[in-house]
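All values derive from a computational prediction rather than experimental measurement.
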Amino acid sequence: MPENAIELHNVSKRFKLYHNSISGPVKELLFFWKSHNYYQEFLAVKGVSLTIEKGETVGIIGPNGAGKTTLLKMIAGLLAVDEGKVIVNGKITALLALGIGVHPEFTGRENIYYGGMLIGMSREEVLLKTPNIIEFAELGDFIDRPFRTYSSGMKARLLFAISMSIDPDILIVDEALASGDTYFVNKCSQRIREICKSGATIIFVSHNLTQIEQLCQRAFFMAEGQMLNDGHPSKIVTQYHRWVFDKDAQAPLITEQPELESISGTKDVIITDIKLKSANGRESTGFFTGENMCMEIYYNATAHATNEKINLFIGFKLCNSGQYVGEIQTRYNVDSLMSQAKQVVLDVYQKGMIEITFNPLLLLNNHYALWIIIESHDVVRYCEYTNVSPFFVSRRDRSIARGPIFLQPAKIATKKQ
Amino acid sequence: MLRNMFYSMVENRELVWEMAIRDIKQLNKGAFLGMLWTVLGPLVQVAAYVIVVSFVFKSRLGDNSGPFDYGVYVLSGMIPWQIMNKSLMEAPSLIRSRMELVKQVIYPIETLPITSLIVGSIGSFVSFLIFFVLSAISGNLNWSILLLPVPFFFLVIFLIGTAWFFSIAGILFKDLREVVSVFLGLLVYLSPVIASETMTGETIWKIILCNPLAHVVICFRDIYNATFHPASWGLFVGMAITSLLLGGWVITKTKMMINEHI
């Protein structure tokens, strides 16, 4: 029977927010019979129970302020548990932040030495691992120069390398892999997998959902201090997207729209407003995959541009990564009924509106922003807008969906050959 | 309670030692004379006291003793005083200056006073060697100096206890460091470090004896001079044990709460 590495039974954490941070705690001690006068209580974690088996890699996801870090700190023994019980079997190493105890005047080697000791290695362990750390960080001769002379990339690599060098029973990682270039992040993921294989239990907290899906066997979903669900990572990630969607849908609109300012072109045509409407005709910033979305682009044109023909280009980008997903071009538009490409010609009016209807919308769970270019028929650019009109898309059903695009083939069949 | 603390110290001895060395390195990075300053500081101070007291005020320790004897006398008092001074001045900021560390990793904060003691005592150790040579030259060396570990032991537990207490209090009261440093700066004049009973007369000596830290210095001098002041020893040992118990109690009670307050 596999032993549990971590068990939490109904764990709660209350923070006392003192009205006065200096005199509050003192008054609380002195006047203990009316101590509640001096602070407000804030429940950061509410009755969380969970078990993590030995050798499991789990992820915890949830919005900011969900109590993830508080929970991790309680597991790591950095914060006192107010209610409930935390049982931990094994030695815990918590990587809650990078660069603990790093001194700018020390050389890379010295920083490895002391940094390693501070995250819980013994002197022999650190000395044994130093060559590996140096190699992992790819610092070369820089290792014996003061840390302050490093470029920020080198600093980040060294700090990651120190953190990643440990061989713990239980490893807690809080957002530590969030930065660094793609190459190095992959290297770190590789190292995390190695740690997994060594039989260690790993708890991850990250906003990088792809990473959670790739690395974890199980995920937990936390929001507002409560553990809402646990299960297969992709299921939990979907649930998280839905949760975010519902939350956003409750708020009337993303009120803070980026300003519409053209970054290039002659500005003979300028966009005055962009409205996104859902199936029921209501203006919205949240949409469901497979349902209608209507985009209305309002513009003003100068006399010079009026009566010209224009081309419209709309690119879709992911908000968080900036990754380019797809585009609409009036110069080359696929007519889904005719199954052929044709050019759509748009006339320009002094004041006008371009309406684009998606039926159905085939984007998947994510936040998107638009990149819009309007140009004349003979390719003179009138205006260009980037990262405007952000919106998000989610699936109404609970099916597992990955990636930004929902591919919908016209025909799926199997033939005997 | 104290047993746990003791185990923690033994268990983390490697970390304590390395952190002390790290602190020393950190202090001396880029400094030209580096470690020498911790020795030079007290020696210059001793020289200043000798010049002011022996030559400006023209007072003497005894009837036939010169400025040299007075210098050795001041130095002997300066050694424990410097250890106390360094440790107590550092104590309020022990935890607060390591805020990031304490928040992110499970650091055995109960070992911090020892780390700071190691760092603070190096200068005093060299001063002691100088004192030892000087008293040997002047022929005032007593066999009783072999008992030096006894007051040193009590000094260490006294400082650990107070540092525990101050480091916790220093998290809440940010001005504690300034308060402590002003007090210590004043108390040196109200201590037997630069004065002796024969120099001050009875009234002022009585005032000096009101300073609890004075007794620590008196006890150390007992060891050098093979004398014995039972009252001072009683007070010193009492203070040491009380502070260790109080500090130990405070730090065990509050250890887990620190993270919420910094």
Report task. Name the region of B:Q26, side chain, backbone, both or neither, that has any atom closer than 4.5 Å to a heavy atom of chain A. Result -> both

Report task. Taking the six-membered ring for Trp and the single ring otherwise, decide whether the centroids of A:F147 and A:Y150 are under 6.0 Å apart. Result -> yes

Requested in this report: State, yes or no, whether a side-chain contact exists between A:N10 and A:E83 at a heavy-atom distance under 4.5 Å.
Outcome: no

Report task. State, to 0.1 Å, how close B:K103 and A:L78 come at their nearest heavy-atom pair, and which atoms those are. Result -> O-CD1, 3.5 Å

Query - A:K73 side, atom NZ; A:K13 side, atom NZ - distance, nearest 0.5 Å - result: 11.0 Å

Report summary line: Interface check, chain B: of A:E110, A:R123, A:M117, most non-hydrogen pairs under 4.5 Å belong to A:R123

Report summary line: Under 4.5 Å to a heavy atom of chain B? For A:T93 that would be neither

Report task. Let me know if A:V102 has heavy atoms under 4.5 Å from chain B in its side chain, its backbone, both or neither. Result -> backbone

Report task. Please state whether the side chain, the backbone, both or neither of B:K25 comes within less than 4.5 Å of a heavy atom of chain A. Result -> both

Query raised in the report: Should the ring pair B:F220 and B:F236 be called parallel, tilted or perpendicular, given that the plane angle runs from 0 to 90° and is split at 30 and 60?
Result: tilted

